[in-house]
Amino acid sequence: MSAVAVVPARIRRQRRWLAVSGLVVTIVYLIPVYWMLNTSFKEAGDIFAVPPDLVPLPPTVASYVDAVFSDADIARGLVNSGIIAIGTTLVTLLIALPAAYGLARLQIPLLPVILMLFLIVQMVPSVNLALPMFVLFSSAGLVNSYVGLIIANCALAIPLAVTILRPYYLSVPTEVVEAAKIDGCNEFTAFWRVALPMSRPGMVTVTVISFLGAWGEFVFGLALATDDAIQPITVVLSEITNAYGVRWNDLMAVSAVIALPVIATFIFLQRYVVAGLTEGATKT
Amino acid sequence: MTRIAEERTGTAAVTPPPRLPRRRRNWRGLLFVAPAAIYVAATVVYPLLYNITQSFFDVGMREVTQGGAAFVGLDNYADQFGRPEFWHSLRVSLVYAFGTVAVTFLLGLGLALIFRRFYRGRNILRAVVLIAWVLPTVVSANVWRWLLDGSYGLLNAVLNTLGLVEGDVFWLGRPTTAVIAVILATAWSFGPLAMILLSAGMEGISPTLYEAARIDGASPWQQFRRLTLPLLRPVSLTVILLIFIFTFKTFDTIFLMTGGGPGGATETLPVYAYNEAFAFSRFDTAAVATVVLMVVPIVLSFVYFRAIRSEERA
């Protein structure tokens, strides 16, 4: 009996072949992302080269310097998106954390109805909310305000957050919560001191997803922020598209800056993002 | 919950001491849930209902800012259902949704198969592909516009080099190719999501089934055709319904890539509704369009939840 598992040559060959095809497929699939970065590092004149240069040599950060960081509109858009995304994340955490706990751990009445409500609203098209919100917010003076945009973003973020968080609380053993109550915790302190710390991975997931969701959100920004001063970067990008015309390198630089926080968070917190998004998409 | 409790008491040989009745409702617990429930009711349910009422009134920009809209009954519905543009956009929406579902499913299945067997680096590759999915739509839509650009786009450069096309082809400027382009761009974003779900489904298939199939002399294709595909049916149903719902409500990809053009060729229902409201200030007929827009995903989500329930029971 040999203790060392020897991988047969046939399997090794098969694996190598699979690894190569996996690599090729991944590269091909992400050509659009590469092309965005490639173009963003090109000189204005080089983007019209036929055939196009596959590598921007020498790479230049001119687009980033000129189009992104010297442009007041872009800078303001980035700040606006940051404010909206942070606000959305905070409000979402504040409201969704106790709700998810309540729906998971407390035998509350109307449970199936509330669960169904949170699931169905995730299927609602953003346009369906953006139109009535515009009308309602107009009379409430909330159009062109951070508050209005945060309210709108939370309408999408909170149901998703509750759906993602509930399984984390379901996995907190009932005994632990009961023990806390015997030790003198009431319903709220049992949640705050015991269940909340135990659901930290879920909180990270929800924080990331709420932030990224609001950061990339477009429809609400388009409908509810007609004033340049309040527009998120996604809307600014869509508005400068025509003005930029064929300045693709600048446009790709702006796109890359919008994508950067998303890709960075994704790389560092991949586990949380993927878990959250798939749960949110499929959990019942 | 109650079912589990029943099963427990049914199988337990020793009867546990009687505990508090499990059905006791925790009304105080509602305090935890109330803020979220009220929030969703106020910011989702109320606007949706309000939107439905709007569809029975005569609402233009003046009424939005000053109020005083007149009740017009079903006039807005009659107006919309009598307009060819409305039916056109509904048709475009369905073509777009079905097309995207088909392409997304094939992409997801292909990716899931490529990453099915383990090898060093597989998990990293599989994770990297997901970038396509997490990219903000404004970004991917703009990148696709650039890739498909008629004069300097990468696609034309490649096709010209291969000799498949001659000169500039404006993919987003022709009706048919524009529809295909928005379908492919949307499917590119959703593909990795389908991959994750299908991968999870494949991991649930017992390897012994494949061993048995191999012993019986089944070729890899036969294994795929007779084993993998049938056993993926439940997950496939989930993927198809979810992607359909997601695509049917997609607004930004099309709005940013084509704006609904050329000549309305890619004007799906969400884009149509948005234009009715914000380009023409017809908030009433826009409401009609969004009411129709809402019916399809809601019906489908019911189908989806039913399907999942029966799956879980099985």
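Chain naming here is simple, since letters A, B, ... match the order of the sequence lines and numbering starts at 1 in each.
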Check against side-chain contact (heavy atoms from CB on, under 4.5 Å), B:Asn142 and A:Leu237: CA-CA 9 Å; B:Asn142 259 308; A:Leu237 175 67; 3.3 Å; yes
Audit row: A:Leu129, B:Val44, side-chain contact (heavy atoms from CB on, under 4.5 Å) steps and yes/no: CA-CA 7 Å; A:Leu129 293 179; B:Val44 181; 4.0 Å; yes
Working for side-chain contact (heavy atoms from CB on, under 4.5 Å), residues B:Tyr152 and A:Trp248: CA-CA 10 Å; B:Tyr152 306 104; A:Trp248 289 105; 5.6 Å; no
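The candidate from B:Leu147, B:Thr137, B:Ile124 with the greatest count of non-hydrogen atom pairs under 4.5 Å with chain A is B:Leu147. Ranked by heavy-atom pairs under 4.5 Å with chain B, the list A:Leu30, A:Leu23, A:Ile258 is led by A:Leu30. Most heavy-atom pairs under 4.5 Å with chain A, from the set B:Asn156, B:Ile245, B:Thr161, B:Val59: that is B:Ile245. The greatest number of non-hydrogen atom pairs below 4.5 Å with chain A, out of B:Asn160, B:Asn51, B:Ile114, is found for B:Asn51. Residue with the most contacts toward chain B among A:Pro125, A:Ala259, A:Ser126: A:Pro125 (heavy-atom pairs, distance under 4.5 Å). Note: B:Leu111 leads B:Leu111, B:Val291, B:Thr250 in heavy-atom pairs under 4.5 Å with chain A. Of the residues considered (A:Gly216, A:Cys154, A:Ser139), A:Cys154 shows the highest number of contacts with chain B, using heavy-atom pairs under 4.5 Å. Considering only heavy-atom pairs separated by less than 4.5 Å from chain B, the leading option among A:Leu97, A:Thr92, A:Val25, A:Val124 is A:Val124. Most heavy-atom pairs under 4.5 Å with chain A, from the set B:Phe255, B:Trp188, B:Phe115: that is B:Trp188. Counting heavy-atom pairs closer than 4.5 Å to chain B, the top-ranked of the candidates A:Leu136, A:Ile95, A:Val121 is A:Leu136. The choice from A:Val127, A:Thr26, A:Asn128 that makes the most heavy-atom pairs within less than 4.5 Å of chain B is A:Asn128.
Only the side chain of B:Val40 has a heavy atom closer than 4.5 Å to any heavy atom of chain A. The part of A:Leu251 that comes within reach of chain B is its side chain, from C-beta onward, which places non-hydrogen atoms under 4.5 angstrom from that chain. Residue contact with chain A, scored on non-hydrogen atoms closer than 4.5 Å, involves the side chain of B:Leu107 exclusively. With a threshold of 4.5 angstrom between heavy atoms, A:Gln14 approaches chain B through side-chain atoms but not through N, CA, C or O. Both the backbone and the side chain of A:Leu103 come within contact range of chain B, judged by heavy atoms closer than 4.5 Å. In this structure, the portion of A:Ser138 lying under 4.5 Å from any heavy atom of chain B is its side chain and not its backbone. Neither the backbone nor the side chain of A:Ala96 comes within contact range of chain B; no heavy atoms are under 4.5 Å apart. Interface residue B:Ile131: backbone and side-chain heavy atoms are both found under 4.5 Å from chain A.
Across all their heavy atoms, B:Pro192 and A:Tyr29 have their closest contact at CD-OH, 3.4 Å. Residues A:Ala19 and B:Leu125 come closest through the heavy atom pair O-CD1, 4.4 Å. Considering every non-hydrogen atom in both B:Phe278 and A:Ala223, the closest pair reads CZ-CB, 3.7 Å. Nearest heavy atom pair, residue A:Met133 against residue B:Thr43, reads CE-O, 3.2 Å.
We find the CD1-OH distance between A:Ile151 and B:Tyr39 to be 5.5 Å, quoted to the nearest 0.5 Å. To the nearest 0.5 Å, atoms NZ (B:Lys249) and CE (A:Met123) are separated by 7.0 Å.
Residues B:Val45 and A:Leu117 are in side-chain contact: their nearest non-hydrogen atoms beyond the backbone lie under 4.5 Å apart. When side chains are defined from C-beta on, A:Phe266 counts as touching B:Leu130, because their heavy atoms get closer than 4.5 Å. B:Leu135 places none of its side-chain heavy atoms less than 4.5 Å from the side chain of A:Val262. Looking at A:Ile31 and B:Leu154, their side chains come closer than 4.5 Å, going by heavy atoms from C-beta outward. A heavy-atom distance below 4.5 Å is not found between the side chains of B:Trp146 and A:Ser255. Put simply, the side chain of B:Phe251 reaches to within 4.5 Å of the side chain of A:Leu222, judged on heavy atoms. Side-chain contact between B:Arg145 and A:Thr241 is present, with heavy atoms from C-beta onward closer than 4.5 Å.
Heavy-atom contacts from other residues, nucleotides or ligands closer than 6.0 Å to CZ of A:Phe268 number 12 or fewer.
Ring pair B:Phe32/A:Tyr101 is tilted by interplanar angle, where 30° to 60° counts as tilted.
Residue pairs satisfying the salt bridge (charged side-chain N to carboxylate O under 4.0 Å, His left out) criterion with at least one member in residues 250-266 of chain A, sequence neighbours excluded, are listed as follows: A:Arg247-A:Asp250.
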